[in-house]
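Side chains included, hydrogens not; waters and symmetry mates left out as well; all remaining heavy atoms used.
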Amino acid sequence: MSRSAQDLLDVINSTNRSIADKCQTIDRYLSGNSDNLRGFFENCFPVLVKCIFGYDRAGWISEISKTNQANDFKAIVQLLGPSGNLFAAMNLADNEGLIQYVFPEGPLPVLTQIFLRSETGQKELDRWPQYHGCLVPAYAGKRIHLKTLQYFLLWTAFYVLRTAHTSSSDVMGPRAPHITRLGHFKQSFPQLPGKLGKGPHQSVRCHPYQTLLQMYLSRFLPRAAAAPPGKPGQPSHGELLFSVLLEFWLTDGEDPALRDPKDSRLAPPLPYEAPTPDLLAALQEVVRYSVAVHDADRSQQPPRWAQATARSWLPQPPLPQLGPPQQPGPPRLMAAGQLPFQSFAKRLYRFMRRAITKWPEQQAIGPLLTLYLAYIAPWGVASVPEASKPGAQGTGRPAAPPRQGLVHRVLRDKPTSSSPRSVPAAAAAAAAAPPVPAAAAAAPPVPAAAAAAAAACTSRMPANQDQQEGPHPSRTVSHDKEASYVPQFQLGQWEGHILSSLPFYMLLLPLLLELIKSRVSSQATKALQDLAKVLVVFKTAPELCNLLQAVEEEYRRAREGGLHQRTRLDGLYADVLPWIQSQAVVFETGAKASCRDAHTASAEHPAFVLFSKGEQGGAAQVRSILNRAVGADADAVTQVEECASGWLPMEQLGRGAQQHAPQAPQALPSYQTVKKGSWGQLHFKGDPIDRPPTSREWPWLMHHMVALSKWANARLGLDKPPDDGEIAETHIKEIQLWMRRNGYRVNLRWLAEVQTLSWICLTVLVLWLFCLFCSWVSGFTSDSDMQHHNIGSLEVQRHYASSQPSTRHFDPHRPTTYSSQPVQDAHVDF
């Protein structure tokens with residue numbers, strides 16, 4: 001290593017230097033040694049990536065978001081910006097083939113890890129731009145060797161997947177299980193404060209990661225035209241970035257692409273892991289950039305549709321297609337109806353549908369609502385002025401100002417006497433998340449981009465609503481400006497986005513209402529506040545409601561009349577209606593498909609029931625939520641009623657006597673159930689073999705033992721219930737029938753418990769020591785008996801030789817030999 005590279009490495013690892021000083025030193029080194037970068041990439045670059053993102057400690061990005069140092073923020077944005085010296089050095093090293101890095105298997109998504117284990121999956125990964133030509137044979141499967149830019153982007157995408165429930169184990173160790181679940185790898189990261197959510201004592205208005213992500217998207221995926229192509233045989237930076245983000249953020253371990261048609265065995269189900277708030281916040285940036293454009297020179301104007309182009313500027317994702325093949329949409333849908341955007345929307349729909357239907361009860365749904373509203377309402381929400389209303393009785397809240405609208409009361413963080421805020425753009429406003437800064441939309445060159453992004457972040461609200469401190473001065477406007485504010489939703493601007501994304505409105509919204517209804521019993525006020533933030537989007541956009549209602553009516557008539565019979569369609573949306581129904585089938589099939597399903601889900605036409613008056617309609621769902629909101633704040637109930645009235649047929653369902661003031665006896669059964677509960681009710685209610693892994697089990701061994709138990713039960717016929725009147729023909733069949741009737745099965749899961757394995761190892765060790773002791777005692781006894789036997793044999797020989805005359809003399813010094821001298825005849829003298 002050269003002396004300059006060694007000095008730079010000491011600077012990176014230094015603890016008494018500021019982050020700004022380190023970033024500036026690295027920038028100067030790269031600028032002055034552009035012709036000799038081998039020492040930097042061989043020794044400094046892996047350490048730099050570790051320090052930036054933080055593998056075993058808080059990284060530079062997390063420290064900057066926690067400490068509120070503007071110099072550090074500008075320095076790291078300038079260093080990691082797409083036009084900085086570091087990106088230039090990575091491009092130069094990749095073009096020259098200078099070095100490659102081995103990426104560990106643990107941080108990879110479960111889908112990628114499983115693909116690495118089979119030859120078919122390896123061929124699939126080789127099609128993806130981030131892994132093309134990077135799979136190197138190893139002793140077990142293949143190992144991934146990445147170039148510098150690919151290595152950097154993969155760690156960038158993994159940054160938001162880390163969880164807060166962590167330990168301090170070493171994440172870069174050589175030992176790894178056969179299939180490392182992403183959740184287990186994330187638990188090896190320490191808890192890092194100051195991430196994409198703002199802390200209670202944090203005044204930085206924008207996270208560095210969000211700023212860098214916006215700059216990468218605007219630089220590598222320009223909206224004006226298609227992304228600049230890469231060199232022949234090499235993917236462009238835009239294709240590489242988009243593919244990496246979708247792989248890490250929008251794939252799961254139950255992808256139908258993992259199903260092997262030649263294998264009849266079903267893979268064991270994986271427990272659902274809810275996405276982290278950081279992942280949801282990062283996905284919001286990608287969604288906003290994909291659907292909305294915020295002009296810097298027209299800050300008072302609503303955002304524009306980003307897909308209003310003839311050709312798609314998004315690259316085609318290389319991930320396996322979900323569901324049946326989909327055809328491009330009609331020309332009136334612009335780029336949103338083409339396959340690149342539809343592939344991205346299909347992946348996002350599966351991600352959100354799984355999250356809504358499997359969301360943990362103990363986790364707040366605020367970040368999930370923010371992501372959902374960012375997609376269905378990228379135009380923002382316009383404030384509706386209304387008459388002054390007194391505050392809620394008993395709450396001590398001041399009366400609303402004359403021009404304080406419904407939107408402000410729904411979206412406010414806490415009551416305040418200051419002037420009301422104007423509602424920010426995008427659905428982030430509906431869940432207290434900010435719009436994309438104008439400075440990041442144009443992605444100016446660095447270092448100008450660093451200064452512009454830092455300035456834009458000072459006027460940006462944090463992504464986490466629960467930690468906000470109140471309205472920011474830059475977002476507060478006078479009442480005159482609010483009264484003359486241009487309406488956010490314009491039908492001519494956003495009609496294509498709505499028609500190309502109808503499953504998000506007509507299919508996901510009823511599921512979201514079901515989720516809120518399941519939580520209203522335990523968190524009545526909070527659930528109603530979340531519901532109001534969703535309904536206010538439609539309340540402030542009457543043209544949106546008219547469009548959705550008209551499409552639902554035409555869709556219902558076509559579905560009842562048989563659209564598949566090619567009947568003549570009339571109406572404003574007759575040209576897009578066949579494609580809309582096909583899209584609904586493709587989206588629902590892809591979202592429900594799983595690698596554990598033996599057959600593909602049936603392609604049935606899903607029903608649109610948002611404006612229906614039935615039990616599954618939106619009005620009935622809202623009414624049911626209000627009836628279950630026992631003990632909710634009166635102001636929250638009023639907000640939901642106001643947001644739902646006018647566009648949902650609430651009046652036609654009638655007003656129940658208990659809606660405004662729900663009676664307490666409705667909640668008594670649930671309270672009694674909780675009080676009369678026992679520890680036995682907390683046990684797993686399903687099949688004991690399929691219960692989730694516990695802390696006393698080894699997950700990888702447990703999955704193998706469960707699979708072996710199911711195979712043994714299937715071979716022995718113990719996996720089927722006994723039939724009435726079944727008769728055993730042999731003694732073995734009689735034993736099997738007796739076991740089935742009494743519920744006996746083969747369950748080897750106890751062999752995966754740590755305690756059981758410890759006792760097995762201890763027993764084997766004791767038996768081995770006992771055998772070793774017995775062998776030693778037996779050997780000692782055999783040697784003693786042999787010695788006594790030899791002595792006895794010599795005595796017998798000596799006695800025999802002395803008692804019998806012989807022609808040979810016995811030599812006592814050499815008992816095994818005889819002298820060869822003949823015995824002379826004795827001379828007798830008479």
Side-chain angles (χ1 to χ4, degrees), residues 323-334 336-337 342 345-346 349 353 375-377 489-514 534-535 537-539 541-592 601-624 644-654:
Q326 185 178 5
Q327 300 297 327
R332 66 184 296 183
L333 302 182
M334 306 297 287
Q342 287 298 310
K346 193 188 307 181
Y349 181 84
R353 194 185 192 283
Y375 188 89
I376 69 167
F489 178 77
Q490 299 177 8
L491 182 60
Q493 178 69 245
W494 296 100
E495 182 183 16
H497 173 72
I498 299 170
L499 294 177
S500 63
S501 305
L502 281 176
F504 289 87
Y505 298 90
M506 312 305 294
L507 300 178
L508 281 188
L509 185 55
L511 295 177
L512 186 61
L513 295 178
E514 289 284 350
V534 177
L535 300 181
V537 173
F538 302 90
K539 177 67 175 181
E543 294 180 342
L544 168 65
C545 301
N546 296 335
L547 171 62
L548 294 178
Q549 189 171 5
V551 172
E552 178 178 327
E553 181 65 22
E554 293 188 17
Y555 181 90
R556 182 187 59 81
R557 291 199 304 265
R559 185 169 178 265
E560 293 176 354
L563 184 60
H564 58 279
Q565 299 178 359
R566 300 184 181 275
T567 57
R568 181 179 178 84
L569 300 176
D570 298 326
L572 297 176
Y573 310 103
D575 57 334
V576 297
L577 205 55
W579 183 85
I580 288 175
Q581 187 165 14
S582 174
Q583 181 202 37
V585 172
V586 171
F587 274 48
E588 275 292 292
T589 304
K592 295 180 179 179
S602 60
E604 299 179 356
H605 302 303
F608 290 173
V609 295
L610 179 60
F611 297 91
S612 173
K613 301 176 184 178
E615 296 181 356
Q616 301 298 327
Q621 295 284 358
V622 174
R623 180 71 69 191
S624 177
S645 62
W647 67 280
L648 283 177
M650 301 289 294
E651 293 78 7
Q652 301 180 15
L653 294 179

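Rounded to the nearest 0.5 Å, atoms CD1 (I580) and CG (D575) are 8.5 Å apart. For the atom pair CE of M506 and OG of S501, the computed distance is 13.0 Å after rounding to the nearest 0.5 Å. Atoms CD and CD, from E588 and Q583 in turn, are 11.0 Å apart once rounded to the nearest 0.5 Å. Between atom CZ of residue F608 and atom CG of residue L502 there is a gap of 5.5 Å, rounded to the nearest 0.5 Å. Summarising the geometry, atom CG belonging to L509 is positioned 6.5 Å from atom CD1 belonging to I376; distances are rounded to the nearest 0.5 Å. Put simply, CG on L499 and CE on M334 are 13.0 Å apart, with the number rounded to the nearest 0.5 Å.
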L544/W494 under side-chain contact (heavy atoms from CB on, under 4.5 Å): CA gap, chis, key distance, verdict: CA-CA 9 Å; L544 168 65; W494 296 100; over 6 Å; no

Checking side-chain contact (heavy atoms from CB on, under 4.5 Å) for the pair L513/V534: CA distance, chi angles, key distance, verdict? CA-CA 10 Å; L513 295 178; V534 177; 5.8 Å; no

Begin from the C-alpha positions of E543 and Q490 and carry the test side-chain contact (heavy atoms from CB on, under 4.5 Å) through to its verdict. CA-CA 8 Å; E543 294 180 342; Q490 299 177 8; 5.7 Å; no

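Listed for the W579 side chain is a donor-acceptor partner under 3.5 Å among the backbone atoms of Q327. Side-chain atoms of S500 come within 3.5 Å of backbone N or O of H497 as a donor-acceptor pair. A donor-acceptor pair is defined here as one N or O able to donate and one able to accept, closer than 3.5 Å; no such pair exists between the side chain of K539 and the backbone of A644.
Every residue meeting the side-chain hydrogen bond (donor to acceptor under 3.5 Å, both in side chains) condition with Q326, not counting sequence neighbours, appears here in chain and number order: Q342. Applying the side-chain hydrogen bond (donor to acceptor under 3.5 Å, both in side chains) test to N546 and every residue at least two apart in sequence or in another chain returns nothing. With sequence neighbours left out, the ring pair (Phe, Tyr, Trp, His ring centres under 6.0 Å) criterion links F504 to Y349, Y375.
Here the closest heavy-atom approach between residue A607 and residue Y555 is recorded as CA-CE2, 4.4 Å. A pairwise comparison of heavy atoms in E651 and S645 identifies OE2-CB, 3.8 Å as the closest pair. Minimum heavy-atom separation, E554 to L572: OE2-N, 3.3 Å. In this structure, A584 and P606 approach most closely via the heavy-atom pair CB-CG, 3.6 Å. Heavy-atom minimum distance, R559 versus Q581: CG-NE2, 4.2 Å. When all heavy atoms of P649 and K613 are compared, the pair lying nearest together is CG-CG, 4.3 Å.
Two residues are said to be in side-chain contact when any heavy atoms from C-beta on lie closer than 4.5 Å; F587 and L507 fail this criterion. Between W647 and Q549 there is no side-chain heavy-atom pair separated by less than 4.5 Å.
Using cut-offs of 30° and 60° on the angle between ring planes, the pair F538 and Y505 is perpendicular.
Classification of E552 and R556 as a salt-bridged pair fails, no side-chain N sitting under 4.0 Å from a carboxylate O.
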